[in-house]
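Data block below; observations after.
Per chain, numbering begins at 1; letters A, B, ... match sequence-line order.
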There are 2 protein chains.
Amino acid sequence: MPDPSNSGESLLFLTDENLRKGIEAMFFAYRGFTADPDRILEDMDYGRAHHRAVHFINRSPGTTVGNLLTILGVTKQSLNRVLRTLFDDGLVEARVGKQDKRERHLYLTDKGRSLERALSDAQRARMRAAYRAAGPSAVQGFRTVLEAMMDAEQRRQYQGQNQGSKEGT
Amino acid sequence: MPDPSNSGESLLFLTDENLRKGIEAMFFAYRGFTADPDRILEDMDYGRAHHRAVHFINRSPGTTVGNLLTILGVTKQSLNRVLRTLFDDGLVEARVGKQDKRERHLYLTDKGRSLERALSDAQRARMRAAYRAAGPSAVQGFRTVLEAMMDAEQRRQYQGQNQGSKEGT
DNA sequence: TTGGAATGTCAACAAGGCTGACGTATATTA
DNA sequence: TAATATACGTCAGCCTTGTTGACATTCCAA
């Protein structure tokens with residue numbers, strides 16, 4: 001809660017001009033945000049889609065294909081194309097579920113972990129530089145605004161790992 | 001400058017875990033950020049690329065094709081495909097430069113302005129809600145971190161409109 | 001046992017990136 | 001003035017990553 005006491009006083013930060021600035025900040029910053037991993041990826045034969053898959057499999061080892069579909073918000077056909085190349089290249093392995101044998105639980109292999117490491121090192125380096133330059137309280141604000149910008153569904157994914165449907169692994 | 005006085009004390013905000021959270025926040029928030037305009041666009045035959053073009057032409061009326069290429073960071077072939085449909089549909093018009101007749105200066109038509117308005121209204125509404133929920137100081141931090149996350153080149157575009165090469169219009 | 005869920009896969013398509021090559025004004029410079 | 005460089009457009013072809021639709025398999029649960 002942002003302090004509703006100053007009604008009319010400092011609502012200046014809601015100016016259209018300020019909002020436009022925020023919009024462009026998102027646009028330009030997102031470019032920077034993806035630039036470093038993109039450079040690494042284009043040397044291999046991978047793209048951003050592979051990065052996302054690898055990231056979330058690393059975050060929640062043993063997650064199912066269905067979970068991943070929900071998080072990434074793409075169709076299974078699209079995800080499957082990406083996963084297949086990751087299987088073929090030995091970066092990800094799928095184990096048939098013990099309880100439910102229809103499910104495939106996804107894990108990074110050593111090779112997969114090492115790619116993940118390379119990608120996230122690069123991305124974290126930029127994030128760390130930005131955090132350091134901005135300072136802790138700015139970071140706090142950064143996270144607060146981004147969180148408020150998400151759809152409710154995404155916010156749940158972001159905050160709780162996941163809660164609604166199924167518990168990964 | 002973030003206050004270098006607390007060395008070692010509150011550097012906790014630079015944790016890998018915190019950075020990972022920031023990374024995912026960017027990912028999920030960007031989805032929300034583009035969701036509303038995307039919904040409008042898919043009803044017409046346009047995509048995000050059209051949105052970006054329209055946005056920046058609106059921001060800097062009379063900007064040249066070359067300027068737009070720099071800002072958007074795409075190839076002229078890619079931009080041209082988008083611009084052509086915008087011309088054909090009467091959303092954007094190009095005027096031959098007075099000083100340099102090789103240049104085309106881009107302007108939104110009334111129709112273009114009305115699409116731009118619809119798109120940016122939607123996007124601003126979400127941004128406004130996020131800003132309001134987060135409060136002014138969070139917004140300050142949000143902008144600071146995003147700015148620090150940009151490449152130097154993009155930061156120049158973001159801050160000064162543009163300075164290095166050519167003055168738009 | 002039967003319906004539906006979870007998954008995989010084939011095929012076709014579209015948007016929007018990219019490269020390379022070429023053409024045409026127009027400007028600038030030697 | 002002639003040569004070169006710039007701004008822009010366009011044709012052709014390629015790639016990634018998204019989409020829909022259809023269909024098969026396996027398995028859970030009522």
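- In summary, the aromatic rings of A/Phe33 and A/Phe28 are positioned with their centroids too far apart to meet the 6.0 Å limit.
- For the pair B/Lys101 NZ and D/dG9 P, the interatomic distance rounds to 17 Å; values are reported in whole Å.
- Scanning for side chain to side chain contact (heavy atoms under 4.5 Å, CB included) contacts around B/Arg102 gives B/Asp100, with sequence neighbours left out.
- Base contact: B/Lys76 has a heavy atom under 4.0 Å from a base atom.
- Regarding contacts with the backbone of C/dC18, a side-chain N or O of B/Thr75 is found under 4.0 angstrom from either OP1 or OP2.
- By the 30° and 60° cut-offs, the orientation of the rings of A/His51 relative to A/His55 is perpendicular.
- Atom CZ of A/Arg102 is separated from atom P of C/dA6 by 6 Å (rounded to the nearest Å).
- Counting to the nearest Å, the P atom of D/dC8 and the CZ atom of B/Arg81 are 19 Å from each other.
- Note on A/Lys21 versus A/Glu24: no salt bridge recorded, every NZ/NE/NH1/NH2 to OD/OE distance being 4.0 Å or above.
- Looking at A/Arg124 and A/Tyr131, their side chains never bring a donor and an acceptor atom within 3.5 Å of each other.
- Rounding to whole angstrom units, CG of residue B/Leu106 and P of D/dA7 are separated by 14 Å.
- Using a 4.0 Å heavy-atom distance criterion, B/Arg84 is classed as a sugar-phosphate-only contact.
- Listed by residue number, there are no residues of residues 28-52 of chain A with a heavy-atom contact under 4.0 Å to DNA chain C.
- Map B/Gln77 and A/Arg104 each onto its nearest nucleotide of DNA chain C; the residue landing nearer the 5' end is A/Arg104.
- Remark: C1' of C/dT9 and CZ of A/Phe87 are 13 Å apart, rounded to the nearest angstrom.
- Computed from coordinates, the A/Leu79 CG to D/dT16 P distance equals 17 Å when rounded to whole Å.
- Minimum atom distance to the side chain of A/Ser78 is reached by D/dT19, of the listed D/dC8, D/dT19, C/dG8.
- Taking the ring centroids of A/Tyr30 and B/Tyr30, they lie under the 6.0 Å cut-off.
- Judged by the 6.0 Å and 45° rule, B/Arg95 forms a cation-pi pair with B/Tyr107.
- Between B/Leu83 atom CG and D/dA7 atom P there is a gap of 16 Å when expressed in whole angstrom units.
- For A/Asn80, taking side-chain heavy atoms from C-beta onward, the closest of the listed nucleotides C/dC10, C/dG8, C/dG20 is C/dG8.
- Atom CG in B/Asp100 sits about 10 Å away from atom C1' in C/dA25, given to the nearest Å.
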